[in-house]
Amino acid sequence: MRFEILLTALLFFGGTCLTGYAVRRLLKLKKEGIVCSIVVGALCWWALMELILVPMTMKLASFSSFVVVYSAVVALFTLAGLFCWQDILDDLKTFAENWKQYLTLGHLAALLLIVFELWFLHHHMYLEWDETGTPLEFDKRYVLSLWPIYYAWLSKLTGVAATVMAHTIMPWLMIPLAYMVYILIGKRLYEDDVQLKGMFLALAVLVHLYMSGEHTTGLSFLTITPWVGKGILAAIILPALFYWLLRAMRDGGARNWIMLGVTGLGGCLTSSMGIMLTPLFVGIAVFLLTLQKRQLRYLAYGILSCLPCILLGLYYIRLTH
């Protein structure tokens, strides 16, 4: 199983990293680092899956057909990232020159806590008790948020059973990815203070580990069930929305609003709650920003970034009524 974990991690982090470099080159997101590339790549993978999966589901296409189409699209984006080798070398050079800044007490504490979290989940797996075997009517909202297809796709590529992929391998992908998002947030909040960046990351890990209390809260999803779509929404998508909102509010630029929209679309794949929460979260933020700046363009940008979620929400209403 260690080989399967390593293989899947190499596929996921390697592919998302190269995809992220390709998207960064397209959006002119320069000098953002390898962590940003992985996060951007993962968000783009999920947004692409939502774009491809929903129409194919409505057309009753087979899973095998989806695997072929989606794999081809992901492969194209990954191969495109190979042409960004100069950007990769620049980021590696920058990291080699500044690696000592990641050896603060906060960063080391965060690393130890993350390792403990992975160890704990690996040795104390949580299994949900809602699988009774009783036939239930299929909820139509899941047609628009088929997150299990994502790890089914990974299991198809690696030859690992989908259940094993979800419960055993996915935590090794999603937990590091979640804290990469917090690294990016800390980098934006405390641009000139390395110590505070480490303390912020350590605090984020502590909050997820020890301040939950209920098995269904957003804070405990990452530690207990990091393969569940709602958990991905709470632990990765919503913090990523905050990150791109923070960038858009401070720096402006179409590229940040585009990534905000990509993140929202990826959130729609993880859970039907993402279809509702993204416009709500972004809408409140841009409304307050519009009042502060007294410029309606922020409200317009926010609406455009939420347009995929709004359209899927309208389609859901059509499906259920």
Side-chain angles (χ1 to χ4, degrees), residues 1-23 33-50 52-53 62-85 88 91-92 95 111 114-127 146-181 183 221-229 231-232 235-237 266 269-270:
M1 186 51 62
R2 292 178 182 175
F3 173 75
E4 286 81 359
I5 293 174
L6 182 61
L7 176 63
T8 310
L10 182 63
L11 170 68
F12 177 77
F13 290 113
T16 54
C17 184
L18 290 174
T19 299
Y21 273 104
V23 175
I34 297 175
V35 170
C36 182
S37 294
I38 294 174
V39 172
V40 168
L43 295 174
C44 288
W45 274 22
W46 297 342
L48 285 170
M49 178 168 280
E50 182 73 358
I52 296 171
L53 187 57
S62 65
F63 175 67
S64 299
S65 300
F66 165 76
V67 170
V68 172
V69 174
Y70 182 65
S71 299
V73 174
V74 166
L76 286 175
F77 274 88
T78 303
L79 289 174
L82 293 175
F83 293 97
C84 304
W85 58 270
I88 298 174
D91 284 343
L92 288 174
F95 178 78
L111 179 61
I114 293 170
V115 171
F116 168 74
E117 186 173 3
L118 288 168
W119 174 87
F120 182 85
L121 187 60
H122 187 73
H123 288 79
H124 303 278
M125 183 182 298
Y126 169 81
L127 298 176
L146 292 169
W147 171 250
I149 299 297
Y150 182 71
Y151 51 79
W153 170 72
L154 286 173
S155 69
K156 188 74 172 179
L157 295 184
T158 57
V160 179
T163 303
V164 176
M165 176 62 67
H167 290 262
T168 305
I169 300 179
M170 285 290 286
W172 293 89
L173 310 180
M174 297 299 107
I175 290 176
L177 181 64
Y179 293 125
M180 287 182 187
V181 177
I183 289 174
F221 267 128
L222 187 61
T223 303
I224 299 177
T225 55
W227 58 84
V228 176
I232 306 302
I236 298 177
I237 297 296
L269 173 71
T270 62

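To the nearest 0.5 angstrom, Leu173 atom CG is 7.0 Å from Leu154 atom CG. Atom CG in Leu269 sits 10.0 Å away from atom CD1 in Ile232 (nearest 0.5 Å). How far CD1 of Ile88 is from CG of Asp91: 8.0 Å, rounded to the nearest 0.5 Å. Between the OG atom in Ser71 and the CD1 atom in Ile52 there is a gap of 9.5 Å [rounded to 0.5 Å]. Tyr150 OH to Tyr70 OH: the interatomic distance, rounded to the nearest 0.5 Å, is 5.5 Å. Within the model, atoms CG of Leu11 and OG1 of Thr16 stand 9.0 Å from one another, a figure rounded to the nearest 0.5 Å.
Partners of Trp147 according to the side chain to side chain donor-acceptor pair (under 3.5 Å) rule, which considers only residues two or more places apart in sequence or in another chain, do not exist here. With sequence neighbours left out, Ser64 forms a side chain to side chain donor-acceptor pair (under 3.5 Å) with no residue at all.
Counting only heavy atoms from C-beta outward, the side chains of Tyr21 and Ile34 approach each other to under 4.5 Å.
Contact between Thr78 and Gly15 at its shortest, heavy atoms only, is OG1-O, 3.8 Å. Across all their heavy atoms, Gly81 and Ala22 have their closest contact at N-CB, 3.8 Å. Nearest heavy-atom pair, Pro171 versus His167, reported as atom, atom and distance to 0.1 Å: CG-O, 3.8 Å.
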Please output the side-chain donor-acceptor pairs of residues 36-50 that fall under 3.5 Å, not counting sequence neighbours, one pair per line with the distance.
unit_1 : atom_1 : unit_2 : atom_2 : d
Ser37  : OG     : Arg24  : NH1    : 2.7
Ser37  : OG     : Gly33  : O      : 3.3
Trp45  : NE1    : Thr19  : OG1    : 3.0

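A ring-centre distance under 6.0 Å is not found for Trp227 and Tyr151.
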> Checking side chain to side chain contact (heavy atoms under 4.5 Å, CB included) for the pair Trp153/Met165: CA distance, chi angles, key distance, verdict?
Replying inline: CA-CA 10 Å; Trp153 170 72; Met165 176 62 67; over 6 Å; no
> Could you go step by step and tell me if Thr158 and Glu4 meet the side chain to side chain contact (heavy atoms under 4.5 Å, CB included) rule?
Replying inline: CA-CA 7 Å; Thr158 57; Glu4 286 81 359; over 6 Å; no
> Please walk me through it: do Phe66 and Lys156 pass side chain to side chain contact (heavy atoms under 4.5 Å, CB included)?
Replying inline: CA-CA 11 Å; Phe66 165 76; Lys156 188 74 172 179; over 6 Å; no
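Counting heavy-atom neighbours within 6.0 Å of Phe63 CZ, excluding the residue itself, gives a total above 12.
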